[in-house]
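What follows is a single structure, written as structure tokens, with notes after it.
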Protein chains: 2
Amino acid sequence: MERMGSNRLDVARHKTRQVQVGTVVVGGSAPVSVQSMCTTRTTDVAGTLAQICELEQAGCEIIRVAVPDEAALDGFSAICDASPIPVVADIHFDHMLAIGAARRGAAALRINPGNIGSMERVDAVIDEAGNARIPIRIGVNAGSLDPKVAERGDLSLAQKLVASCESFVRHFEERGFGDIVLSAKAHSVPVTIQTYRMLSNCLPEYPLHVGVTEAGTLRQGTVKNCAAVGVLLEEGIGNTMRLSLTADPIEEVDVAWELLGALGMRRMRPELVSCPTCGRTQVNLIGMAEEVEVRLRDVRAPISVAVMGCVVNGPGEARDADIGIACGRGRGVIFAGGEPLRSVPEDDLVDELFNEIARRF
Amino acid sequence: MERMGSNRLDVARHKTRQVQVGTVVVGGSAPVSVQSMCTTRTTDVAGTLAQICELEQAGCEIIRVAVPDEAALDGFSAICDASPIPVVADIHFDHMLAIGAARRGAAALRINPGNIGSMERVDAVIDEAGNARIPIRIGVNAGSLDPKVAERGDLSLAQKLVASCESFVRHFEERGFGDIVLSAKAHSVPVTIQTYRMLSNCLPEYPLHVGVTEAGTLRQGTVKNCAAVGVLLEEGIGNTMRLSLTADPIEEVDVAWELLGALGMRRMRPELVSCPTCGRTQVNLIGMAEEVEVRLRDVRAPISVAVMGCVVNGPGEARDADIGIACGRGRGVIFAGGEPLRSVPEDDLVDELFNEIARRF
């Protein structure tokens, strides 16, 4: 784990086996992938596909859809056929829906063996996934633990989640099925961190799907997911992630990419470096930074762009940004690689910055 | 470091000495305090005090104001006198401003010795802070390192930041001054994590002021700060924090408290636990969760409140919430401590939830 001398986090990812979710490799040396879940009704094929395409454009790499009933299964194959990214079927309670989804082209199944009814029914799902050569995510939640461990008063919630996973994994292994991704989500950040640390320790061979569940609305959910998943990724734990937010799923994907970028693990988009304003600032820096942020959405190059408010925190401090502006009174400077390029009137600064970006990147 | 069996993060905070910033203790066994910085002109005494009061209401515990010139000093004593929280003077370049601020009632000074001009001038500031019995935050930034280390090609940025701090601290110690808080901020999350880990290791006796600088607008800045500061706090590093955002400073305070709450370290407000919506949801859960979030702003009790969309993620999964609602089709259930209280029509759910909160907490 070499950490010095770099803005990149060169964390040795814990080595797990690899599974293949459609075209996306999860685990092993594969990059941490970004997932989300449709909020549309699965029976609304056109609406679901429209949301999947929008999410794919935002950087979503694996999509999950709920299959709550037979009616949802009807549209499911059309969704799998037309989706630009692998589709995972999310199943609860009814093992026949899991079997149906596997037969209709699911790239993976997500089940919680604790709520499927019996291990015989789980076995039927395992066998069908084996036939279809697709992985299963064992997704354990606090609300549906393995009944054998749920009532044990000697275990913490994190220990119960891990014990449930372990018990289910051993069952899958005995059935000869190892194409497994594991998740055990909680809404508490400390419980999430504890649980995944233990999972990575007890079941080191299986890729982990990380995230905080029921994390809340955009603001609180962003904080909780970034704290929990940030800690885990920084330790090398986690192979694919879904950051649950009670918000448009586009936001989940945006926050996931921001987090991967912030940790220096993967960057899909430009990074904005902007200073907090203070009593020294002579220009409307918040407005300027927001304008730059919005216009950067059209830039694909993963460059870092600085918007600095004054001489104190100017080009010097943003020396490692690829390009940026530093604002004074009425005028500002465009700089690249820490060197000033030219002075520009304040009103033209943002336009000139984007001209320069278009010219260089 | 006992981590099991709790939603609280019982991390042993690295033991530092304690300093006193006005009425707020920083370091040692003191809780991690929340800071922000005014965006008003310091010459605008009324405007600055209004912002300080608003920030204090939001939970800000220490406030910093820029003192960029003599004119700013004029209003500074009135601000210190009337502020409900300790006021730190932020000084660059001119040591006479630091001396002036110390004489006018600053609760602490923040200087970067690397841009004050000479170590003789730094000494004059140290001596004045000693007379005034106030601490100094040595705030090193990438843009103004100790000149002796700035140009060394053999050091990473993190190592340069730490070497600058160390060199300045040794100078302060030789002058007989130990009332120090340290910060060494970068805009990169990995550099921030590396730097503070090394600082905590090399200079373990001094309290650390943590945060990411130039973190960007609300969204990106929240992600970067929560990832970096989340990792550090979870390791027991950090005694006071300012999460810089290019946004209204109220947001900095809100995000800081969300982070402390998420980590189970300190909670000032209610926590909202809400599930992501999915194809199973029968009600407008996003709208409902947002309404609950807004109305929770008026609740002071640090309770956890769940808003769950369906039977799968209902009361079972939110068992440890103090109170909550689980929504079905047209009706929902209010539950407390994992037990259902009563069924309520959908339209009355949120009102009934808040009636129950008012009754119980």
Side-chain angles (χ1 to χ4, degrees), chain A residues 3-5 7-9 37-42 65-66 68 92 141-143 156 158-159 187-191 194 214 216-217 219-220 222-224 226-227 230-231 234 244-247 255 258-259 262-264 272-280 285-286 289-290 293 312-313 316-317 319, chain B residues 3-5 7-9 37-42 65-66 68 92 141-143 156 158-159 187-191 193-194 214 216-217 219-220 222-224 226-227 230-231 234 244-247 255 258-259 262-264 272-280 285-286 289-290 293 312-313 316-317:
Chain A
R3 280 210 184 88
M4 302 296 130
N7 287 346
R8 300 278 171 265
L9 192 73
M37 187 166 179
C38 283
T39 54
T40 51
R41 309 236 161 255
T42 308
V65 303
H92 291 272
N141 284 48
S156 69
Q159 288 169 323
H187 62 78
S188 149
V189 171
V191 172
Q194 290 158 20
E214 287 98 45
T217 51
R219 169 188 305 247
Q220 181 188 283
T222 299
V223 171
K224 289 178 87 164
C226 290
V231 165
E234 207 275 335
S244 303
L245 300 173
T246 310
V255 172
E258 287 285 2
L259 180 59
L263 289 169
L272 175 63
V273 178
S274 65
C275 73
T277 59
C278 71
R280 278 187 302 271
L285 196 76
I286 296 179
E290 282 172 349
E293 186 176 47
V312 175
N313 292 316
E317 199 157 293
R319 192 171 291 150
Chain B
R3 280 212 184 85
M4 302 297 131
N7 287 346
R8 300 279 170 264
L9 192 72
M37 187 167 179
C38 283
T39 54
T40 50
R41 309 236 164 255
T42 308
V65 302
H92 291 273
N141 284 50
S156 70
Q159 288 169 323
H187 60 78
S188 149
V189 171
V191 172
I193 295 171
Q194 290 157 22
E214 287 96 46
T217 51
R219 171 187 306 247
Q220 183 189 280
T222 299
V223 170
K224 290 177 86 164
C226 290
V231 165
E234 207 275 332
S244 302
L245 300 173
T246 310
V255 172
E258 287 285 3
L259 180 59
L263 289 168
L272 174 64
V273 178
S274 65
C275 73
T277 61
C278 71
R280 277 187 301 272
L285 195 75
I286 295 179
E290 282 172 350
E293 187 177 46
V312 175
N313 292 316
E317 201 158 292

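All values reported here derive from a predicted model rather than from experimental measurement. Below, chains carry the letters A, B, ... as their sequence lines are ordered, and counting in each starts from 1. Every heavy atom of this structure was used, including side-chain atoms; hydrogens, water molecules and symmetry mates were not.
- No donor-acceptor pair under 3.5 Å is formed between the side chain of A:Thr246 and the backbone N or O of B:Ile286.
- In terms of non-hydrogen atom pairs under 4.5 Å with chain A, the most contact-rich of B:Val223, B:Thr222, B:Leu259, B:Val231 is B:Val223.
- Both the backbone and the side chain of B:Glu258 come within contact range of chain A, judged by heavy atoms closer than 4.5 Å.
- Side-chain N/O atoms of B:Thr217 and A:Glu290 include no donor and acceptor closer than 3.5 Å.
- For A:Ala289 against A:Leu272, the heavy-atom pair with the smallest separation is O-CD2, 3.7 Å.
- Looking at A:Gln220, both its backbone and its side chain come within 4.5 Å of chain B, counting heavy atoms on both sides.
- In this structure, the side chain of B:Lys224 does not engage the main chain of B:Ser188 through any donor-acceptor pair within 3.5 Å.
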